[in-house]
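Quick notes on the structure that follows.
Below, read A as the first sequence line, B as the second, and so on, with proteins coming before strands; counting in each chain starts at 1.
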There are 2 protein chains.
Amino acid sequence: MREASKARVKTIAKPVELPLGQILSGDCVEAMRSLPDNSIDLVFADPPYNLQLGGDLNRPDGSQVDAVTDHWDQFDSFKIYDDFTRDWLTEARRILKPDGALWVIGSYHNIFRVGAILQDLGFWILNDVVWRKSNPMPNFKGTRFTNAHETLIWCSQGEKAKYHFNYRAMKTLNDELQMRSDWVLPICGGQERLKEGGTKVHPTQKPEALLYRVMLATTEKGDVVLDPFFGTGTTGAVAKRLGRQWIGCERESVYTDAALKRIEKELPLDESSLETMQSKRNAPKVAFGVLVENGYIKPGTEIFDKKRKWVAKVRADGSLIYEKQVGSIHGLGKELQGAPSCNGWTFWHIERDGKIEAVDAVRQLYLLATED
Amino acid sequence: MREASKARVKTIAKPVELPLGQILSGDCVEAMRSLPDNSIDLVFADPPYNLQLGGDLNRPDGSQVDAVTDHWDQFDSFKIYDDFTRDWLTEARRILKPDGALWVIGSYHNIFRVGAILQDLGFWILNDVVWRKSNPMPNFKGTRFTNAHETLIWCSQGEKAKYHFNYRAMKTLNDELQMRSDWVLPICGGQERLKEGGTKVHPTQKPEALLYRVMLATTEKGDVVLDPFFGTGTTGAVAKRLGRQWIGCERESVYTDAALKRIEKELPLDESSLETMQSKRNAPKVAFGVLVENGYIKPGTEIFDKKRKWVAKVRADGSLIYEKQVGSIHGLGKELQGAPSCNGWTFWHIERDGKIEAVDAVRQLYLLATED
DNA sequence: TCGAGAGGTGAATCGGTCA
DNA sequence: ATGACCGATTCACCTCTCG
């Protein structure tokens, strides 16, 4: 009896071969429906951001910014975007193994909606990770803060669900310090950026370093990684390099073609080269205003050059005022001396504990106190 | 007609005295209901994070981590949390002026829900800002990434709504580079951390540097700042220091008492320290013609672009002439380049004392000489 | 061959104020 | 609502040109 029952179950759940190393063309929700339950180790998704751009944006020099206006990124309301999000997340949840994980990347335009919906569906957030761009596009109009980061959400199937985290690999990658939830990485450019006749193939190609870290952190060798918004195949290329299996969904044949060509050229890494990967830590930079902000130098403090020829006053935002002139520590020092340039850190001095010292000494103090 | 209409509006909106410099005790939604419409310049909110910690969290050495387990921080479900969030955001929206702004800080536990709901209510996100902690608590169990940041959302009343951003002050604070959406600041500790008998008064006291930057960036001197989750009054302390008015809501008398004592001790910065670098938009405007009128640039002077492709001539009224074309410094620069726009101040150059410099330098000279 | 300098560009919700 | 007009505005990195 027990044998027979087992056989029946097997017959019903007939083994389905996964389309490994393939791109499923068409709508990603439809494509995922063709895949069996509990079969995927990791879903990495870079969904459209639901950008609602106004008119054209010009740089200060008059040239025009190439905006993301592809039709796959047009949603005219939150409702439509939310429905779309719930649909693909539901399918992703079904095909993921119980110990599988989901990563989503987005910006402030969409990430709050995506995050709330995946929580509603039962996903359990393990970390939100900030991709801090080392070279973001500036805010040309000077109307807001430079939009210098994007947000990733990493989650498991549920509060009690198992998941994989290669703690040791991350610590090694980060110079023997725990990997933090903020990652500094450059945007995708140079040789890595796919171009066709001088123009970019995909408007929002992600850097391989980002996918590299995601997969190294949360998958094992041989795991199956699915990307519902495959684009030009960054996920596939990195998966192949790291010895992971991959499946993509993509409806634009231009992207599909470029992706297959790209992944074909990719070579898998051997174990030893993985182990030698090390991240470089940048020397920290400190702005004068940060010293003021943190109370190292109080607004109102007198600040002067070595010979006390000029005695200026520190203001709340870290600017200086001398008689009628105002400026940064570098700019005002330059103006007063009539010099072509000035290193304010060594030019300006303050009195501290009865001793006169360059403000650079205060910066050193701050660096020591805030070192990781 | 217009005058009469204005008078009528004034009569209807009878002046209500705001409880400036006071903490309203009790539930924040009830407290906000007592305030009039369109009366607040900035709401800064640090709502409970809805942390769902299971058992106690222990350090590797066995000592216990002081987790956030106060009773005000427990919510049974997302539903309750969402309703609560919608309630206080709705009141905040009502009492905010049309050009007022809202800041909310949160972690991955709650920020996605808060962000989605404030979008649903009509708030328009201007930036999400990442507070990157220079000294976060490590992940003791080694099971995830070190949770090293929190997220802030800055939004206006709507897509077309006005808002305030002190671009110039932020740029000065950041060593003459645009302020980015990621801020590196230490967590609150040391002398700044309020303690009572050796234990922290509040589990999630925010650093003053964070509020300092928020207020310097998005409020003006004298503005009214409201904090619905006042806690130990970091918002009030920084507001007082920076010459802003404040109102708090808080239901725990332990926090209220500590906050009032703390703010009492705080000293406002003096007038001159408080002045920040003005954005050029607010700075006194100088027409090019004024420079000509005052002899800073003589009529007949040759004026040219950086590459000397176009050499125009200055006329008595401050207009330029190039061959048959005439116009303002902006208009002619735009015409000649065929550009959508042109900042004539940086486009046109003149020779002065043998040196070539943008006419903007002459404007600066004039501004310095005529500043009151 | 190398360095200096010019030119291009990246997921962007990017102006204000009159008539 | 719409348009005219005034005037304010960019950082890091890659690639190409020129000497």
Side-chain angles (χ1 to χ4, degrees), chain A residues 46-70 72-76 78 81 105-111 131 133-151 184 186-193 195 198-200 202-207 229 231 282, chain B residues 99 119 123-128 154-156 158-163 165 167-168 171 174-181 279-283 285-289 306-307 327-331 333-334 339-347 360 363:
Chain A
D46 180 13
Y49 283 14
N50 192 24
L51 295 183
Q52 295 162 21
L53 305 174
D56 292 333
L57 178 62
N58 291 303
R59 298 170 195 277
D61 67 3
S63 65
Q64 197 165 105
V65 174
D66 181 21
V68 176
T69 51
D70 296 55
W72 48 259
D73 203 9
Q74 303 306 308
F75 295 89
D76 37 25
F78 288 139
Y81 190 79
I105 181 168
S107 68
Y108 65 85
H109 308 86
N110 71 325
I111 198 64
W131 166 27
K133 301 179 187 183
S134 56
N135 51 347
M137 196 188 308
N139 182 293
F140 296 117
K141 302 289 184 193
T143 53
R144 304 180 182 187
F145 299 101
T146 301
N147 200 357
H149 74 275
E150 291 188 30
T151 301
V184 182
I187 59 177
C188 181
Q191 295 300 316
E192 188 184 323
R193 186 91 197 200
K195 288 182 182 171
T199 60
K200 49 190 180 182
H202 194 281
T204 68
Q205 187 182 338
K206 293 290 171 291
F229 310 95
N282 298 331
Chain B
D99 63 344
Q119 283 183 313
F123 283 108
W124 191 252
I125 299 180
L126 299 166
N127 276 116
D128 61 336
W154 171 40
C155 49
S156 67
E159 180 174 1
K160 308 286 184 192
K162 287 186 188 171
Y163 61 90
F165 181 55
Y167 175 75
R168 206 68 204 72
K171 194 165 175 177
N174 195 35
D175 258 1
E176 291 306 311
L177 288 180
Q178 284 189 340
M179 186 66 80
R180 300 169 39 120
S181 59
S279 80
K280 287 176 183 164
R281 196 166 295 142
N282 297 335
K285 285 176 190 167
V286 180
F288 183 72
K306 220 171 177 178
K307 297 179 188 164
S328 70
I329 56 170
H330 309 296
K334 181 180 133 179
S341 68
C342 169
N343 179 356
W345 293 110
T346 55
F347 178 73
D360 193 46
R363 176 169 62 158

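Atom pair A/Ile187:CD1 and D/dT10:C1' shows a separation of 13 Å (rounding to whole Å applied). Rounded to an integer number of Å, the gap from CD of B/Glu176 to P of D/dT10 is 10 Å. Note: CG (A/Asp46) to P (C/dG10) measures 16 Å, nearest angstrom. Distance CZ (A/Arg144) to P (D/dC11): 17 Å, rounded to an integer number of Å. Taking atom CG of residue B/Asp99 and atom C1' of nucleotide C/dG15, one finds them 15 Å apart after rounding to whole Å. Atom CD in A/Gln64 sits roughly 13 Å away from atom C1' in C/dT9 (whole-Å rounding). As a whole-Å value, the separation of B/Trp154 CH2 from C/dC14 C1' is 11 Å. Atoms CG (B/Asp175) and P (D/dA12) sit 11 Å apart, rounded to a whole Å.
Looking at A/Asn50, its side chain never comes within 3.5 Å of a backbone N or O of A/Phe78 through a donor-acceptor pair. Proximity of a side-chain donor or acceptor of A/Thr146 to a complementary backbone N or O of A/Pro138 within less than 3.5 Å is not detected. Side-chain N or O atoms of B/Tyr167 include none that pairs as donor or acceptor with a backbone N or O of A/Lys141 at under 3.5 Å. Using a distance-only test at 3.5 Å, with no hydrogens or angles considered, no donor-acceptor pair links the side chain of A/Gln205 to the main chain of A/Cys188.
Rounded to the nearest Å, the gap between the C1' atom of D/dT15 and that of C/dA11 is 23 Å. Comparing D/dC16 with C/dT1, their C1' atoms are spaced 16 Å from each other, to the whole Å. C/dA12 sits 26 Å from D/dA8 when the P atoms are compared, rounded to a whole Å. Going from the P atom of C/dC14 to that of D/dC6 covers 24 Å, rounded to whole Å.
Summary of the strand contacts: B/Leu177 and B/Lys334 both lie near DNA chain D, and taking for each the nucleotide with the nearest heavy atom, the more 5' one is attributed to B/Lys334. Residue whose closest nucleotide on DNA chain C sits further toward the 5' end, between A/Phe140 and A/Lys200: A/Lys200. Residue whose closest nucleotide on DNA chain C sits further toward the 5' end, between B/Glu159 and B/Lys162: B/Glu159. When each of A/Lys195 and A/Asn58 is assigned the nucleotide of DNA chain D bearing its nearest heavy atom, the one mapping closer to the 5' terminus is A/Asn58.
Nucleic acid contact for A/Asn139: base, since at least one base atom lies under 4.0 Å from a heavy atom of the residue. Within the 4.0 angstrom heavy-atom criterion, base atoms lie near A/Pro136. Within 4.0 Å of A/Gly106, counting heavy atoms only, lies no atom of the nucleic acid at all. Within 4.0 Å of A/Gly190, counting heavy atoms only, lie sugar-phosphate atoms of the nucleic acid but no base atom. Residue A/Cys188 is classed as having no contact, given no heavy-atom separation below 4.0 Å to the nucleic acid. Residue A/Thr146 is classed as having no contact, given no heavy-atom separation below 4.0 Å to the nucleic acid.
Looking at heavy atoms from C-beta onward, B/Tyr163 lies out of side-chain contact with B/Trp124 at the 4.5 angstrom threshold.
Of the candidates C/dA11, C/dA12, D/dT10, C/dA12 carries the atom nearest the A/Asn147 side chain, counting heavy atoms from C-beta on. Side chain of B/Arg363, nearest nucleotide from C/dG10, D/dA8, C/dA12: D/dA8. Listed nucleotides C/dG15, D/dC13, C/dA11 differ in distance to A/Thr143; the shortest reach to its side chain belongs to C/dG15. Across D/dT10, C/dG15, C/dG10, the shortest atom-to-atom separation from the side chain of B/Lys171 is found for D/dT10. Between D/dC11, C/dA11, D/dA8, one nucleotide has an atom nearer to the side chain of A/Thr204 than all others, and that is C/dA11.
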Pairs under 3.5 Å (Watson-Crick or G-U), crossing ones as [ ], inter-strand ones as |: DNA chain C comes out as .|||||||||....|||||
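In summary, the side chains of A/His109 and A/Ser107 do present a donor paired with an acceptor at a separation below 3.5 Å, with no hydrogens or angles considered.
At a cut-off of 3.5 angstrom, counting only N and O atoms as typed in the model, there is no donor on one side facing an acceptor on the other between the side-chain of A/Arg59 and the base of C/dG8. The base of C/dA12 lies outside donor-acceptor range of the side chain of A/Lys141, with no N or O pair under 3.5 Å.
OP1 or OP2 of D/dA8 lies within a sub-4.0 Å distance of a side-chain N or O belonging to B/Trp345. The phosphate of C/dG15 (OP1 or OP2) has no side-chain N or O of B/Tyr167 nearer than 4.0 angstrom. Distances shorter than 4.0 Å separate none of the side-chain N or O atoms of A/Gln52 from OP1 or OP2 on C/dA12. Within the structure, every side-chain polar atom (N or O) of A/Lys133 is placed at least 4.0 Å from both OP1 and OP2 of C/dG10.
Listed by chain and number, the residues in a salt bridge (Lys or Arg N to Asp or Glu O under 4.0 Å) with A/Arg144 amount to none (sequence neighbours excluded). Residues satisfying the ring pair (Phe, Tyr, Trp, His ring centres under 6.0 Å) test with A/Phe140, not counting sequence neighbours, are none.
Taking the six-membered ring for Trp and thresholds of 30 and 60 degrees, B/Trp154 and B/Phe165 have ring planes inclined between 30 and 60 degrees apart.
B/Leu126 CG to A/Asn147 CG: the interatomic distance, rounded to the nearest 0.5 Å, is 11.0 Å.
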